[in-house]
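Chain naming here is simple, since letters A, B, ... match the order of the sequence lines and numbering starts at 1 in each.
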Number of protein chains: 2
Amino acid sequence: MNEDHTRTPLDDSLSQNSSTVGPKSLRVDARRNRVRILDTALSFFAAEGLSVRIEEIAQQAGVGIGTVYRNFPTKELLFEAVIHRYQQKLVEEAESLLDHDDPGEAFFRYITRVIEGGAANKALTAALSGTEIDMETVASGISDNLRDVLGKLLARAQQSDAVRADIGADHVKALMVGTILAIEKSADEIGLPVGIISVICDGLRTKPI
Amino acid sequence: MNEDHTRTPLDDSLSQNSSTVGPKSLRVDARRNRVRILDTALSFFAAEGLSVRIEEIAQQAGVGIGTVYRNFPTKELLFEAVIHRYQQKLVEEAESLLDHDDPGEAFFRYITRVIEGGAANKALTAALSGTEIDMETVASGISDNLRDVLGKLLARAQQSDAVRADIGADHVKALMVGTILAIEKSADEIGLPVGIISVICDGLRTKPI
DNA sequence: TCATAAACGGAATATATATTCCACTTTATT
DNA sequence: AATAAAGTGGAATATATATTCCGTTTATGA
């Protein structure tokens, strides 16, 4: 009775590369369900944060609760799996901006994009900020990877004198998180996001004189 | 059996002016308990946010759960009562800065103070940002009052050309909330708050050239 | 001091939801 | 087609906590 189908949360997102066999080759129907669950969970988490009921995800995904739990033994683990994707995308995006001609623009474009994307995605917000959950694993995962690339992006921008020198990646990360949260929490006044982002960016720039 | 001791949440904080009789003159022990509950709730909410159990508050306040519920029929109402105090303080503080010589400094001093105070107070954060709860009543109450004074403070600062003209009180409020949340959520890197606040303030300033 | 209404305490109740369990299906293998 | 292994659904369980209920205690005014 010793169930050990519990894969570690970070190595499994279900290797899309159809050729490779994957963790242990799931049965075809199982793999399909897994994808459905992840997709559904993503949209729910993004829209409503961690408070969605597992039952609702299961229903919408067209599977039973039990199936969700077979794949993700815990709500938290499901969340982690969902977030792990997003994280990857963010990091990749940052990396692709690392060899941009204008380090300053690369930097500002990146934080703008992260903020705009995040403001529409409660799941990401929760993951980045640690709101709503403890998030041992993911949090540190995100922090490490994202802080790294962000740090590089920032360093280049600072070297090219586009960004003030007295701040670090932590500041930037905090500012992004805060801005995302602020936008998310505010009544949806039109124009708010743009205005706020502009304030942040201006505050980060080196001063003219 | 029709209990109607349910006072409206905003008119009752227990009128300190000992001379006036108050809402309906509580029995002396009842009044004492009410204060204890409010005080205890404040510190708990500030430290841990809305997730504290009512039972814990009751215990720490030295009363039974029933007594808490007699005074505040709902966890949410208790929270509202607690927040109402803080709100009042914030508004008063803003008002007292309205006739400061230097409108710019008054403005920046105020948002700095709110941010620094808020970052240590999860209750305020929750109330301001709407995190963790719906907060119909308080939210709008805070919004209205605080937005008002904040607007005045901002207007003066803008007239004196200390703050860029293209933003409104909503932006400022969102920025404050975001900053508070960012600081609160970040691991406590020393110096983070100062650095972040400085970025925000710089971003709000009119530009030199 | 007594009677009475007000207030109290905390066990019991209600509710919401995460998680488990297992009899039943479906897939893969022969 | 038959069988074993893998996977499934969803009722049942476990748990956490907000809220109610009511017998007991306490302040107050005569």
Under-4.0 Å side-chain N/O to phosphate OP1/OP2 contact, Asn33(A) with dG7(D):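 No, Asn33(A) has no side-chain N/O under 4.0 Å of OP1/OP2 on dG7(D).
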Compare all side-chain heavy atoms of [X] with those of [Y] and state whether any distance is below 4.5 angstrom.
X: Met176(A); Y: Leu150(A); result: yes
X: Val163(B); Y: Phe108(B); result: yes
X: Asn121(B); Y: Phe45(B); result: no

Rounding to an integer number of Å, can you tell me how far [X] [atom1] sits from [N] [atom2]?
X: Arg70(B); N: dC21(D); atom1: CZ; atom2: P; answer: 14 Å
X: Ile37(A); N: dG9(D); atom1: CD1; atom2: P; answer: 8 Å
X: Lys75(A); N: dT15(D); atom1: NZ; atom2: P; answer: 18 Å
X: Tyr69(B); N: dA11(C); atom1: OH; atom2: P; answer: 16 Å
X: Arg53(A); N: dT17(C); atom1: CZ; atom2: P; answer: 5 Å
X: Phe72(A); N: dG7(D); atom1: CZ; atom2: C1'; answer: 14 Å

- prompt: Tell me the salt bridge (Lys or Arg N to Asp or Glu O under 4.0 Å) pairs involving residues 37-46 of chain B, sequence neighbours left out?
  reply: Asp39(B)-Arg85(B)
message: With the threshold set at under 4.0 Å for non-hydrogen atoms, list the residues of residues 54-67 of chain A touching DNA chain D in residue-number order.
response: Gly62(A), Val63(A), Gly64(A), Ile65(A), Gly66(A), Thr67(A)
field: Test side-chain hydrogen bond (donor to acceptor under 3.5 Å, both in side chains) applied to Asp202(B) - qualifying residues, sequence neighbours left out
entry: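 For Asp202(B) the side-chain hydrogen bond (donor to acceptor under 3.5 Å, both in side chains) partners, ignoring immediate neighbours, are Arg164(A), Lys207(A), Arg205(B).
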- prompt: By side-chain hydrogen bond (donor to acceptor under 3.5 Å, both in side chains), which residues pair with Glu105(B), not counting sequence neighbours?
  reply: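 Partners of Glu105(B) by the side-chain hydrogen bond (donor to acceptor under 3.5 Å, both in side chains) criterion, ordered by chain and then number, come out as Arg109(B).
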- line: Quick tally for nucleotides 23-30 of chain C: nucleotides whose base has a protein heavy atom under 4.0 Å get B, sugar-phosphate-only ones S, the rest -, giving ---BSS--
query: Could Arg113(A) and Glu93(A) be called an ion pair, given the rule that one side-chain N must be under 4.0 Å from one carboxylate O?
result: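 A salt bridge is present here (some side-chain N lies under 4.0 Å from a carboxylate O).
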task: Only counting residues at least two apart or in another chain, list the ones meeting ring pair (Phe, Tyr, Trp, His ring centres under 6.0 Å) with Phe107(B).
output: none
